[in-house]
Amino acid sequence: MDHPTPLWRPSAERIEQAAITRYCRWLKDHRGLDFADYESLWQWSVTEIEAFWETIWQFSQMKSHSPYRQVLDRRVMPGAKWFEGSTLNYAEHALAGAARADAATRPALIFQSEIRSRGEMSWSQLAAQVGAMTATLEGLGVHPGDRVVSYMPNIPESVVALLATASGGGVWSSCSPDMGPVSVLDRFRQIEPRVLFAVDGYRYGGKDYDRRDVVRELVAQLPTLEAVIFVPYLDPDARLELDAARGVRVIPFTEAIANPVTTAPRPLPFEHPLWIVYSSGTTGMPKPIVHCHGGSVIETAKGTGLALDVNEDDRFFWFSSTSWIMWNVLVSALTRGATILQFDGNPGHPDLGTLWRFVAQERATFCGISPAFIALCAKGGYSPREHFDLTAIRTVGCTGSPLTEDGYRWVYDHVHDDVMLASISGGTDPGTAFVGSCPTLPIYAGEMQCRGLGIATYAYDDNGKPVLDQVGELVCSEPFPSMPLYFWGDKDGKRYYESYFDVWPGVWRHGDWLKLIPRPESVTAVIYGRSDSTINRHGIRMGTSELYRVVEGFAEVADSLVVDLEYLGRPSFMALFVVLREARADVPEELKRSILHAIRTGLSARHVPDDVFVIAEVPRTISGKKMEVPVKKILLGHAVEKAANRDSMANPKSLDWFVEFAKAREATT
């Protein structure tokens, strides 16, 4: 096959300095293994999985207080157990930088927000605050396995709270304060927390949001809560008054860290629960997904350390709210010794330069953003490299939804022409990237560089057979250490099994459409969106991202959403919804004809929408994903409260239009 010209190739110097290059040399020196290319290394990593993960343990020098008896007990999913006998702690790995000679002056955290001016916290300060908070939690009776939850934004107090919880063996879970009470309670009720960290409010886009009433509602509706550790973030003088009859203590955060003590993190079994993260929550009750200490540490060593090439010299930034797994990834960069950069606020306020200004001023070497933010900058005609010195950036990370070929090109044209564009996909559920990056491989427009080491990722056809160069179901056929232990409260494991393993027993089915493309250096990957929202017309599948690439290529179109209602039990109806850059009630006929013609000629005559409609905005989750499946359910007649959880949305009112549209369509069919 003919191969396109790569957008980027790493320099010989970058390849030489990459951690994965050192790892390959280590394999040769210590194991006698020599691999000709990345693909042969990947093949070994998913064939000899016990040997591979043991080398990651040894190469990354995992800190364990007792030896493991074996790497893996059984090669089964679910149910595999890793590194039994070992005892370690995520917080101990995250605070290792405090042992550096320059720990008192070297920053562990650098932070800025719409409320607070720039600040730093040294490794010594971080360790001291974590130690004090650990003692406070223990004084409140938090024992290993007890749940500690947070309703705070991306600020240093959240990092301290997470690490203190982990240090003592508590189980962490977090929701950002832009989430409404229904959504938060849907999550926290399931896990019965004992302690809540909370802020009085937050500022976004220059507007203040007081959340104390929400905090009071959480306290009232969570009967297991015994204490609130309170951060007056929006107003330094704010107080939290609670119903005295409820008997819940309110402890100021400053009081909780007032007595610095040296508290060594508690050694815990490899599979001790670390945190509970959640599915997007767009439909049904969110899945409370439990990840463990050991799996998170070793995956970070492999994923962040090798695939993203992050080390102690890096300044690591990823724009994220505390509700998204990428916030956990941001904090976990501490385990690689990196300084993490925290920004809380609207990245586009008061202008599109806000986030880039922060990245440039802090000389970030790693900048993590989303395809939605890239599209926002591109649509706005914004070129950050024309305004800021971004030459310190070595890597641009990107995840949350598929990144288009144009998005790839925008990064190289308008951010930096010599960066690794680490577009990755995996996330909340597996705690890993199925497909992603490698600093020694080239980058092709629209394609993720490779499959993740140790992650047996394949595209399956309808018969459960792996395929190349065609779209199939994204699956993983071998267990991996970071996969969920279980869902909290799922006592018989039924919900866990049905979420991933009910289609092909023993094989993780992720729910994405994936194409794996053989390239000279590796097998690259393209994600085409959720498999249950993919367009399937007359047996021919097409990912929605393909259609969006065409539709959103029109200058008049700011955003779009497509829904295929083939399964109505009546004639198929495929609707395209567009957000126009200039407000109008309907689509100009000339524009409509042009869009449909472009789809017909550029994609497929089978996949031309039946009609095009104007909407004010595309419904999106808090993490920025288009809510195709919930909209599809609404248009199929499902009640909106069963189709979508408004409190977990970035723009909940956007669903109202679709509810009315469904009613009107039902009346005419």
| query | Does a side-chain heavy-atom distance below 4.5 Å link T322 with P153? | reply | no
| query | Mind checking whether L27 and T55 have side chains closer than 4.5 Å, heavy atoms only? | reply | yes
| task | Examine distances only and state if a side-chain atom of T304 and a backbone atom of A301 form a donor-acceptor pair shorter than 3.5 Å. | result | no
| With the threshold set at 4.0 Å, does a side-chain nitrogen-carboxylate oxygen contact exist between R14 and E16? | no
| Do R118 and E120 meet the salt-bridge criterion of a basic N to acidic O distance under 4.0 Å? | yes
| request: Please determine if E92 and K63 form a salt bridge, counting it only when a charged side-chain N lies under 4.0 Å from a carboxylate O. | output: no
| field | Main-chain N/O of P107 paired with T339 side-chain donor or acceptor, under 3.5 Å | value | yes
| message | For a 4.5 angstrom cut-off between non-hydrogen side-chain atoms, does V331 reach N328? | response | no
| remark: So ring pair (Phe, Tyr, Trp, His ring centres under 6.0 Å) across residues 142-182, not counting sequence neighbours, yields none
| query | Just by distance, do the side chain of T365 and the backbone of I393 share a donor-acceptor pair under 3.5 Å? | reply | no
| task | Show your working on side chain to side chain contact (heavy atoms under 4.5 Å, CB included) between S437 and L308 and close with a plain yes or no. | result | CA-CA 6 Å; S437 61; L308 298 181; 3.4 Å; yes
| request: Locate the shortest heavy-atom distance separating A103 from G97; write the atom from each residue and the value. | output: CB-O, 3.7 Å
| Using 4.0 Å as the upper bound for N to carboxylate O, is an ion pair formed by D314 and R394? | yes
| query | Is R211 salt-bridged to D178, cutoff N-O under 4.0 Å? | reply | no
| Are R194 and V149 close enough, and set up right, to give a side chain to side chain contact (heavy atoms under 4.5 Å, CB included), and what steps lead you there? | CA-CA 8 Å; R194 293 191 65 180; V149 296; over 6 Å; no
| query | Are F480 and W53 close enough, and set up right, to give a ring pair (Phe, Tyr, Trp, His ring centres under 6.0 Å), and what steps lead you there? | reply | CA-CA 9 Å; F480 47 95; W53 285 107; 8.1 Å; no
| remark: When rounded to the nearest 0.5 Å, the distance separating CG of L225 from CZ of R147 is 11.0 Å
| Does a donor on one side chain and an acceptor on the other come within less than 3.5 Å for S499 and R495? | no
| said: Do Y486 and P273 make a side-chain contact, defined as non-hydrogen atoms from C-beta onward lying under 4.5 Å apart? | reply: yes
| Between CG on residue L234 and OH on residue Y202, distance to nearest 0.5 Å | 10.0 Å
| query | What distance do R203 atom CZ and I115 atom CD1 have between them, rounded to the nearest 0.5 Å? | reply | 5.0 Å
| message | Treating S174 as the side-chain partner and S323 as the backbone partner, does any N or O pair qualify as donor plus acceptor under 3.5 Å? | response | no
| query | Do S648 and S183 have side-chain atoms, one donor and one acceptor, less than 3.5 Å apart? | reply | no
| CG-CZ distance between L390 and R357, expressed to the nearest 0.5 angstrom | 11.5 Å
| field | Distance-minimising heavy-atom pair for S296 and Y90 | value | CB-CD1, 4.4 Å
| task | Taking all heavy atoms of S332 and all of W275, pick out the closest pair and write down the distance. | result | OG-CH2, 3.7 Å
| task | Enumerate the residue pairs fulfilling side chain to side chain donor-acceptor pair (under 3.5 Å) with a member in residues 129-142, sequence neighbours excluded, ordered by first and then second residue. | result | none
| Just by distance, do the side chain of R266 and the backbone of G168 share a donor-acceptor pair under 3.5 Å? | yes
| query | Is there a donor-acceptor pair under 3.5 Å between the side chain of E226 and the backbone N or O of G141? | reply | no
| Closest approach of S86 and W57, non-hydrogen atoms and distance? | CB-CH2, 3.7 Å
| request: Side-chain contact test, heavy atoms from C-beta onward, threshold under 4.5 Å: evaluate it for V290 versus F487 and give yes or no. | output: no
| message | Could you check whether F230 and F197 have their ring centres less than 6.0 Å apart? | response | no
| message | Does V228 form a side chain to side chain contact (heavy atoms under 4.5 Å, CB included) with I251? I'd like the steps, not just the answer. | response | CA-CA 6 Å; V228 175; I251 303 170; over 6 Å; no
| said: Within the supplied structure, the quantity of interest is the number of heavy atoms (other residues, nucleotides, ligands) at a distance under 6.0 Å from R363 CZ; does it exceed 12? | reply: yes
| query | Judged by atom type as modelled, is there a donor-acceptor pair below 3.5 Å linking the side chain of T335 to the main-chain atoms of A94? | reply | no
| query | Below 4.5 Å, heavy atoms only, C-beta onward: do M62 and Y68 meet side chain to side chain? | reply | no
| Nearest non-hydrogen partners of I325 and G427, listed with the distance | CG2-C, 4.0 Å
| said: Set out, in order, the CA-CA distance, both residues' side-chain angles and the distance that settles side chain to side chain contact (heavy atoms under 4.5 Å, CB included) for L330 and N154, then state yes or no. | reply: CA-CA 10 Å; L330 171 68; N154 181 20; 4.0 Å; yes
| task | Verify the distance criterion only: is there a donor paired with an acceptor across the side chains of Y278 and D186 at less than 3.5 Å? | result | no
| request: Without swapping roles, check the side chain of H349 against the backbone of G345 for a donor-acceptor pair under 3.5 Å. | output: no
| Side chains of V215 and L196: does their closest heavy-atom pair fall under 4.5 Å? | yes
| said: Taking the basic N atoms (NZ, or NE/NH1/NH2) and the acidic carboxylate oxygens, is any pair closer than 4.0 Å for D243 and R246? | reply: no
| Are R75 and E478 ion-paired here, with the side-chain N under 4.0 Å from a carboxylate O? | yes
| field | Residue pairs, two or more places apart or on separate chains, that pass ring pair (Phe, Tyr, Trp, His ring centres under 6.0 Å) and touch residues 253-274 | value | F83-F270, H272-H293
| Is a side-chain N or O of S167 found less than 3.5 angstrom from the main chain of L163, in a donor-acceptor match? | no
| query | Is the backbone N or O of D73 less than 3.5 Å from a side-chain atom of E84, with the two atoms forming a donor-acceptor pair by type? | reply | no
| field | Shortest non-hydrogen contact between F373 and I369, atoms and distance | value | CD2-CG2, 4.1 Å
| query | Is the number of heavy atoms from other residues, nucleotides or ligands under 6.0 Å of K81 NZ greater than 12? | reply | no
| message | Angle between ring planes, F317 versus F319, binned at 30° and 60°: parallel, tilted or perpendicular? | response | tilted
| said: Please report the interatomic distance CZ(R212) to CG(D200), rounded to the nearest 0.5 Å. | reply: 6.0 Å
| message | If I take atom OG from residue S482 and atom CD1 from residue I455, how far apart are they, to the nearest 0.5 angstrom? | response | 5.5 Å
| message | Could you check whether any side-chain heavy atom of V171 comes within less than 4.5 Å of a side-chain heavy atom of T165, counting everything from C-beta outward? | response | no
| query | Looking at the rings of W508 and Y500, which for Trp means the six-membered one, are their centres under 6.0 Å apart? | reply | yes
| Sidechain N-carboxylate O distance under 4.0 Å for E54, R31 | yes
